[in-house]
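Data first, discussion second: the structure below is written as structure tokens.
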Amino acid sequence: MDMSAPVPTAPLVLGIESSCDETGVGIVRGTELLANAVSSSMDEHVRFGGVIPEIASRAHLDAFVPTLRSALDTAGVTLEEVDALAVTSGPGLSGALMVGVAAAKALALATGKPLYAINHLVAHVGVGVLDGGDLPESLGALLVSGGHTEILKVDALASDVTLLGATIDDAAGEAYDKVARLLGLGYPGGPVIDRIAKEGNPKAIRFPRGLTMPKFTGTAENPGKHRYDFSFSGLKTAVARCVEQYRARGEEVPVADIAASFQEAVVDVVTSKAVLACREHGMSTLLLGGGVAANSRLRELLAARCASAGIALRVPRPGLCTDNGAMVAALAAQVVMAGGAPSGIGFAADSGQPVTAITL
């Protein structure tokens with residue numbers, strides 16, 4: 001696409017995602033989803049109880065070309081027809097990001113298409129345009145996944161995003177995985193804990209709610225340093241001590257009750273802080289994204305609290321909440337339509353890319 005030419009009203013964009021263990025290639029035309037091909041290496045990480053960066057990187061190398069071909073075939077387009085290319089430049093696992101970035105640069109050089117380096121977290125918000133139409137003004141975003149837990153304020157999707165709060169240790173999804181391991185439930189922990197929690201009593205054990213005391217949160221007039229931040233390491237430790245105590249007494253561990261009580265502690269803090277941030281920053285709509293957005297209790301409690309606070313809730317369908325190339329393409333399309341300049345090929349993958357850097 002010649003940047004001196006008029007900007008397409010609905011650019012055809014191909015997006016590449018490789019920040020963790022999913023190799024994704026998505027194709028969109030403006031806000032229309034044409035293809036969303038994803039290859040996951042999760043099965044290769046199960047025996048380790050978590051994602052192994054080197055294994056993920058090698059899996060991206062093997063999966064990229066077949067995933068690219070699948071996306072192009074599904075969309076019924078060729079690389080020559082694409083207006084722009086986009087790739088996740090960060091945040092994420094360094095080695096995994098490098099595979100996607102190198103592939104995208106190679107495609108850009110081979111085709112002469114402009115390349116956009118896209119922020120992974122903001123892309124989780126941008127995917128909302130594919131499932132529900134244009135994003136409203138006064139938008140907040142709650143992103144909950146295996147690697148991230150953040151609250152964002154989105155004033156302009158393509159140019160103005162602010163980080164309001166984030167986890168200071170484990171991400172929520174990471175805590176699910178570690179607790180599932182403690183309970184002998186396997187990996188990944190999110191789906192199995194969500195399922196087993198339905199059989200337990202969420203009030204059986206009062207696990208701690210991290211960073212919710214006034215000394216951390218402050219007040220609306222004098223907000224504390226961690227007013228919208230999260231911490232799950234103490235909760236994880238509390239679950240470990242609970243399991244140890246049952247075993248030390250020779251008693252059967254009440255797995256369902258512990259799972260339900262743990263999950264309630266996570267979703268209680270996550271939802272309450274997200275709604276608080278929306279209220280205090282005048283955000284009338286909240287978008288929920290990330291892999292943990294599939295959690296039934298999180299969706300239920302967040303919907304109830306948003307309704308009570310008069311906040312509209314948007315949740316993209318599950319296939320668009322997990323890491324995928326469509327979200328990268330969707331955000332890049334918004335950047336293109338807003339007149340944003342391409343990144344070129346001189347940028348590097350940035351494992352710590354801040355949300356304020358929507359593109360590089």
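Since this is a predicted model, take the numbers as computed values, not measurements.
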Minimum heavy-atom separation for [X] to [Y], with atom names?
| X | Y | answer |
| --- | --- | --- |
| Val269 | Gly210 | CG1-O, 4.1 Å |
| Val122 | Val355 | CG2-O, 3.7 Å |
| Leu152 | Val125 | CD1-CG2, 4.0 Å |
| Gln334 | Leu157 | CG-CD2, 3.8 Å |

Could you tell me if the side chain of [Y] sits less than 4.5 Å from the side chain of [X], heavy atoms only?
| X | Y | value |
| --- | --- | --- |
| Tyr176 | Lys236 | no |
| Leu302 | Val270 | no |
| Leu298 | Leu288 | yes |
| Ile16 | Leu107 | yes |

Pairwise distance [atom1]([X]) to [atom2]([Y]) - rounded to 0.5 angstrom:
| X | Y | atom1 | atom2 | result |
| --- | --- | --- | --- | --- |
| Lys215 | Thr217 | NZ | OG1 | 11.0 Å |
| Ile193 | Phe262 | CD1 | CZ | 5.0 Å |
| Gln353 | Ile118 | CD | CD1 | 8.5 Å |
| Glu44 | Asp62 | CD | CG | 8.0 Å |

Asp268: which of Lys203, Lys273, Arg297, Arg305 passes salt bridge (Lys or Arg N to Asp or Glu O under 4.0 Å): Arg305
Are the charged groups of Arg247 and Glu244 less than 4.0 angstrom apart, N to O? no
Ionic contact status for Asp83 with Lys113, cut-off 4.0 Å: no
Does Val38 share a hydrophobic cluster with Val77, counting links as ILVMFWY side-chain heavy atoms below 4.5 Å and allowing steps through other members? no
If you take the centroid of each ring, where Trp contributes its six-membered ring, are His148 and Phe230 closer together than 6.0 Å? no
Using a 6.0 Å distance limit plus a 45 degree cone around the ring axis, check whether Arg249 lies over the aromatic ring of Tyr246. yes
Check whether NZ of the Lys or CZ of the Arg Lys105 lies under 6.0 Å from the centre of the six-membered ring of Phe347 and within 45 degrees of that ring's axis. yes
Tell me whether Asp194 contacts the main-chain N or O of Ser296 through its side chain, where contact means a donor paired with an acceptor under 3.5 Å. yes
